[in-house]
Amino acid sequence: MIVPPVYGMVLAAILFVIGLAGLMIRRNMVFVVISVEVMLNAGGLGFISAGSRWGQAEGQAVFLFLLAVAATEAAIGLALVLWLHRRHKSVDSDSARQMRG
Amino acid sequence: MSLVYLLLLPFVGGVLAAVIALKSRTWAHAVMMIAVVAMGVIVGIDFGVTGAAMASASGGSAAASGGSLRYLLETNAPWIPSLGISFHLGADGLTFVLLALTVVLGIVSLVASWRSTREHEAFYLLSIGLVISGVTGVFIAADLILFFLFWELMIVPMYFLISAWGGKGRERAAMKFFLFTQASGLLMLLSMIGLYLAHGSSTGTYTFDLAALSSWSSGAAASVPMVLLFTGFVIAFGVKLAVVPAHAWAPDAYAEAPTAGSILLSGLLLKSGAYGLLRFSIALFPAQTRQIAPVMLILGVITILYGGILAIRQTDIKRIIAYSSIGHMGFIILGLFSWTTLGYTGAIVMILSHGFTTSALFFVSGALEDRIGIRDIDGMGGLRKVVPRLAGAGTAFLVFALALPGTGNFLAEFLVLTGTFQVDIPIAVLGVVGSILSVIYALRAVHRVFDGVRKGEGKAEDLRAHETVALAALAVLVVWIGVLPGPVIKAAAPDRAAQLQTTVPYLGQGGGNG
Amino acid sequence: MIWIIPLLPIAGFLVLTVFGRRSPWQFSAGVGAGTVGVSAVLALIAGFTLASLPAAERSVVSSLGSWVVIPGFSVNFGLRLDALSDLMTMVVTVVAFLIHLYSTAFMRGKGDYHRYFAYLNLFVGSMLLLVLGSNLLVLFVGWEGVGLCSYLLIGFWYENPENGRAANKAFIVTRIADAALLVALFLTVAAFGTLDIPKVLASASAAGGSGIVTAIAALLLVGAIGKSAQLPFQLWLPDAMAGPTPVSALIHAATMVTAGVYLVARMHIFYALSPGVQLAVAIIGAATLLYGGLSALTQHDIKRILAYSTISQIGYMFLGLGVGAWSAAMFHFMNHAFFKALLFLGAGVVIHRLNDEHDIFRMGGVRRTDRLLFWLFMIGAGALTGIPLVTSGFYSKEAILESAWLYPHAGPFFWVIGAFGVFLTGAYVFRLFFHVFTGKPKGEGGSRPASAIFYPPMILLGLGAIFAGFLRTPRDLGNVKVISSFLNPVLASQGKESAGISTEATLQIIVAALSLLGVLAAWLGYRRSLKRRGTEAVTGHELSVGGRFLLSGMGADWLADNLVVRPFMWFAGLLRRDWLALVYVGVGRLSVLFHQALRYTQSGLIRWYLLGIGVGVLVTLGMVVFA
């Protein structure tokens with residue numbers, strides 16, 4: 001049974017929203033990085049489903065690019081989280097706050 | 001070319017003086033004074049020469065047609081041709097009168113600053129130079145953007161004058177002054193740009209030149225956009241002139257500014273508002289100005305009365321002078337918007353005479369503050385015995401300010417009110433009430449400050465020679481205008497060979513007699 | 001050439017202002033009195049020249065050039081010497097000169113000598129401009145000028161703040177009245193297009209009794225009664241006595257306060273054409289005459305008695321104007337200038353001798369120390385009362401009352417008031433006379449010597465007070481008409497000519513009797529007060545309620561203070577804060593409010609900013625997809 005590509009898109013959308021929500025809401029920077037990963041992967045799933053729908057290989061190719069980008073981004077993001085921890089002794093994004101409003 | 005010199009002299013003088021001030025204070029002041037006096041000489045020569053030429057040329061054939069401005073002296077050079085901005089300067093009789101006022105007040109303000117010491121003397125002199133330059137530019141600019149440039153050039157150094165060398169509440173006062181005039185100035189800029197675009201889209205040429213724009217717009221059909229454009233100008237000039245209800249910046253600014261600042265502010269900057277109304281709003285929008293005249297008459301008389309009543313209970317002597325000044329501006333408004341030759345002449349005389357009297361009053365109050373250290377009249381008293389010459393000068397100028405006949409102030413008020421009477425009787429009567437109010441506050445001030453017995457102790461030095469000369473000269477000028485206004489009237493008169501927009505029909509007095 | 005007359009004293013003012021402080025007192029005295037003296041001589045010469053000219057030519061106009069010339073309106077520096085202005089000029093300059101002479105001695109040691117003469121000169125110059133002005137604007141310059149000098153001189157002794165307050169009061173009250181005068185000028189320009197007096201008068205005649213003419217007449221009247229201290233503007237004059245006595249003599253008795261009389265007389269055509277307003281003039285004159293007389297009866301300050309007397313006598317002049325007796329009113333002005341100045345100068349000598357004592361109840365027996373003064377003062381008092389046949393006051397009051405009787409609107413009623421006023425005058429002035437000059441001296445004595453210079457001016461004034469009366473006598477007493485025929489070209493008299501010799505004689509006898517009765521009443525009152533109080537120094541201030549009411553000038557000051565001054569100052573105090581400016585303070589507060597609201601967006605929280613980015617992206621996508 002072939003999974004209809006639409007399901008893939010829907011799943012991708014749901015994952016994207018979950019990732020976006022997590023990005024905007026979570027305080028723990030590690031989870032923020034994880035949420036970004038989720039969003040990237042959701043995007044990748046979307047590409048693959050679309051590629052499957054149109055029967056073209058570009059979808060898969062983009063996913064490969066995505067994997068590379070995600071890895072890079074995770075590396076840099078985690079480096080920044082490490083730096084944040086070193087500076088403020090916590091991974092709470094609220095601790096990097098100098099403006100008080 | 002000489003018009004350009006007029007602009008450059010105070011500026012260059014200011015820069016030079018600033019540089020010299022780092023070494024020698026007296027020389028710096030001297031250089032500045034020389035620059036201003038040189039300005040005066042140029043103005044005098046120019047006016048004499050061109051005035052004589054005009055008189056011999058125009059003698060009789062003064063019937064002017066059309067709506068073009070005729071300048072006695074002109075300089076025109078392209079500046080930013082792609083935007084239609086030219087470096088166009090022009091002077092006519094009215095301009096020369098105002099330039100004369102500028103020179104006199106420049107000299108007076110320098111005399112007032114001569115002795116008192118302050119920090120950053122260099123910057124102080126530079127600011128004064130820039131203000132004088134800016135004011136001169138405002139009076140002679142004939143291109144809208146150029147006018148705006150000089151308008152801003154007036155405001156910024158004045159802000160510094162107030163905030164750096166002023167009294168106790170100086171920051172607030174300076175900020176208020178700056179915000180009010182800047183905001184209204186921006187409205188004016190919007191109107192200018194709107195006018196530029198309207199003119200351009202209707203005639204095809206895009207220009208900011210005053211003459212071109214005024215001949216187009218005075219003939220253009222009245223419409224809502226025109227009214228809006230007009231409003232921008234009127235608001236800007238009204239705020240500058242401190243018309244009630246836009247006067248709120250003025251009392252603070254006057255009171256907190258240093259003496260020279262107050263003199264320049266009250267004598268020149270406010271007059272630039274009146275000048276703007278004359279030269280720009282009436283020239284560019286005669287129909288709309290005519291329409292708005294009844295409202296402005298009411299505002300004018302409210303200004304007179306409000307200024308008068310508020311002056312009565314003030315205790316800070318500079319505030320009394322400030323509110324008195326605001327009241328006199330009301331007379332100028334009445335004169336301009338009464339749309340009669342009488343009123344217009346009175347307004348011009350008032351511009352000059354008020355400039356002289358108020359600057360003398362600020363001079364006196366500055367002198368008092370230097371010697372006694374306070375501005376509060378409740379703490380003063382009995383000064384006539386201690387500093388008789390200063391007391392005499394103070395009394396004399398306060399009496400001039402209440403429009404004693406024989407002075408320019410009286411002549412101005414009389415002409416303005418006689419003219420207004422022919423247009424709107426109740427307003428003229430209220431204006432006369434205003435003159436009663438001026439007696440009350442002026443005499444109260446004289447009584448509290450000079451009569452009675454001295455409250456504090458300490459010696460105070462009477463007027464020194466140069467101060468006496470300056471004040472005496474101002475007194476002579478005030479009386480001279482009151483008794484011999486002929487030259488001034490002839491110079492600024494609208495019937496003189498189209499020196500002003502003749503599309504503005506300044507009527508003779510109503511009633512058709514004489 | 002006429003211009004020298006007013007300009008000379010003004011030049012004196014300038015010279016004294018610049019050089020006076022450092023010059024010896026003789027310089028100030030010389031310049032001050034000298035300029036006025038020369039002007040007086042010139043005025044007299046001009047006067048006699050004019051008098052010799054036939055009636056139709058009796059005027060000279062001189063212009064120093066134009067003042068304001070604009071399309072539709074022009075005014076020049078014009079002076080006009082005609083019978084009316086010349087009469088006033090002669091009186092003003094001569095009396096002023098005599099008072100200047102007197103002052104050279106009186107003011108020694110009493111303050112800034114040069115400043116005094118400078119102001120006094122400026123005053124004379126302004127007064128001359130006022131009466132000589134050929135247009136209303138020059139007149140107004142003089143009008144305000146005398147007001148200014150009055151202010152400066154009342155407050156001359158500035159160390160006492162009371163004097164400054166009195167000066168302010170004078171200036172402010174007269175300025176309020178002058179506002180009406182200004183409106184009259186505006187109306188004149190609007191209606192007739194000019195301020196030149198002959199042209200205005202001609203246009204008014206042409207216009208007839210229109211509303212405008214009446215309005216101008218009424219407004220001029222308000223201005224006049226302010227300057228002349230008539231009801232209801234009279235309250236500044238008693239306080240003006242704070243100034244030096246010669247000032248009171250010159251300004252507040254002989255000259256400035258008569259400016260209002262001059263104005264009405266000069267513009268008499270307006271009043272002839274507005275019977276209603278003219279009736280008002282008469283009513284004001286009559287009421288003020290009574291007011292002044294009654295209030296003077298209870299005063300104890302010697303100068304205040306004379307001040308109220310002045311108010312009352314000017315009331316007579318206004319009454320004369322109101323009933324159309326123009327030249328009679330001017331005749332009374334002339335005589336009044338002589339005897340009132342004499343009385344004030346005499347009072348000055350008394351005050352000077354008694355070391356600045358002003359209270360008549362502390363005076364007495366001056367007859368013994370200064371016999372000459374006694375006789376001079378008696379002449380003055382007699383002239384003021386109008387002692388029959390030998391004093392000028394009799395003849396001028398007679399002239400006015402005669403015309404009052406003939407006035408078509410309740411003439412006899414006005415006559416009665418005027419006659420009663422004669423009785424009051426005798427009473428109050430001789431009350432003063434008896435208390436000051438007869439009896440034994442009260443108080444500590446210690447007389448300050450009086451300079452010999454005091455007396456010649458007073459003697460000359462006394463001669464005037466007696467003989468000037470003979471310039472116009474009633475029909476049954478010689479029918480001399482020198483004054484009226486001199487003034488005739490300018491002031492043709494109005495109204496019925498005569499009421500028959502016998503009526504006139506009867507009326508004259510009644511008035512004469514009343515004057516003598518007044519003196520008698522004063523004598524009786526004086527004796528009674530002596531009995532009650534003995535001869536020791538007493539304060540003598542126990543008055544009945546009615547007496548205290550009259551003492552305060554019928555509560556005029558209290559009324560003015562509570563009805564006008566206090567409410568106005570309260571109102572001005574309310575406004576002190578500049579409420580209109582609070583709008584802008586509100587604008588400022590509003591922006592601060594916005595700031596407070598918006599600052600929460602700058603929270604510094606990373607997730608907040610991420611939220612912002614996310615929302616922004618969604619919104620933008622939405623716009624692209626759906627718009």
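Proteins come first, then strands; the chains are lettered A, B, ... in the order of their sequence lines, and each starts at number 1.
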(request) Could you look at B:Phe414 and say if it's the side chain, the backbone, both or neither that has a heavy atom under 4.5 Å from chain C? (result) both
(message) Side chains of B:Ile312 and C:Met569, heavy atoms from C-beta outward: is any pair under 4.5 Å?
(response) yes
(message) Do B:Val399 and C:Phe171 have side chains that approach each other closer than 4.5 Å (heavy atoms only, starting at C-beta)?
(response) no
(message) For a 4.5 angstrom cut-off between non-hydrogen side-chain atoms, does B:Leu179 reach C:Tyr584?
(response) no
(request) Count the heavy-atom pairs under 4.5 Å between each of C:Leu580, C:Val141, C:Val68 and chain B, then report the option with the highest count. (result) C:Leu580
(message) Please classify the contact of B:Val446 with chain C as side chain, backbone, both or neither, using a heavy-atom distance under 4.5 Å.
(response) side chain
Determine all donor-acceptor pairs shorter than 3.5 Å in which one atom belongs to a side chain in residues 175-194 of chain C; sequence neighbours excluded.
unit_1, atom_1, unit_2, atom_2, d
C:Arg175, NE, C:Glu144, OE1, 3.3
C:Arg175, NH1, B:Ser435, O, 3.3
C:Arg175, NH1, B:Ser435, OG, 3.3
C:Arg175, NH2, B:Leu402, O, 2.7
C:Asp178, OD1, C:Trp143, NE1, 2.7
C:Thr188, OG1, C:Ala184, O, 2.6
C:Thr194, OG1, C:Asp196, N, 3.0

(message) As an exercise: rank C:Gly142, C:Gly147, C:Gly145, C:Pro161 by heavy-atom pairs under 4.5 Å with chain B and give me the winner.
(response) C:Pro161
(request) Give the member of B:Val432, B:Leu417, B:Ile309, B:Val349 that has the highest number of heavy-atom pairs under 4.5 Å with chain C. (result) B:Leu417
(request) Could you tell me which portion of B:Ala311 (side chain, backbone, both or neither) has an atom closer than 4.5 angstrom to a non-hydrogen atom of chain C? (result) neither
(message) Heavy-atom cut-off 4.5 Å, strictly under: side chain, backbone, both or neither for B:Val244 against chain C?
(response) side chain
(request) Heavy-atom pairs under 4.5 Å with chain B are the metric here; pick the option from C:Leu152, C:Leu574, C:Thr17, C:Leu575 that has the most. (result) C:Leu575
(request) Using heavy atoms and a sub-4.5 Å threshold, report which of residues 115-140 of chain C line up against chain B, by residue number. (result) C:Arg115, C:Leu137, C:Phe140
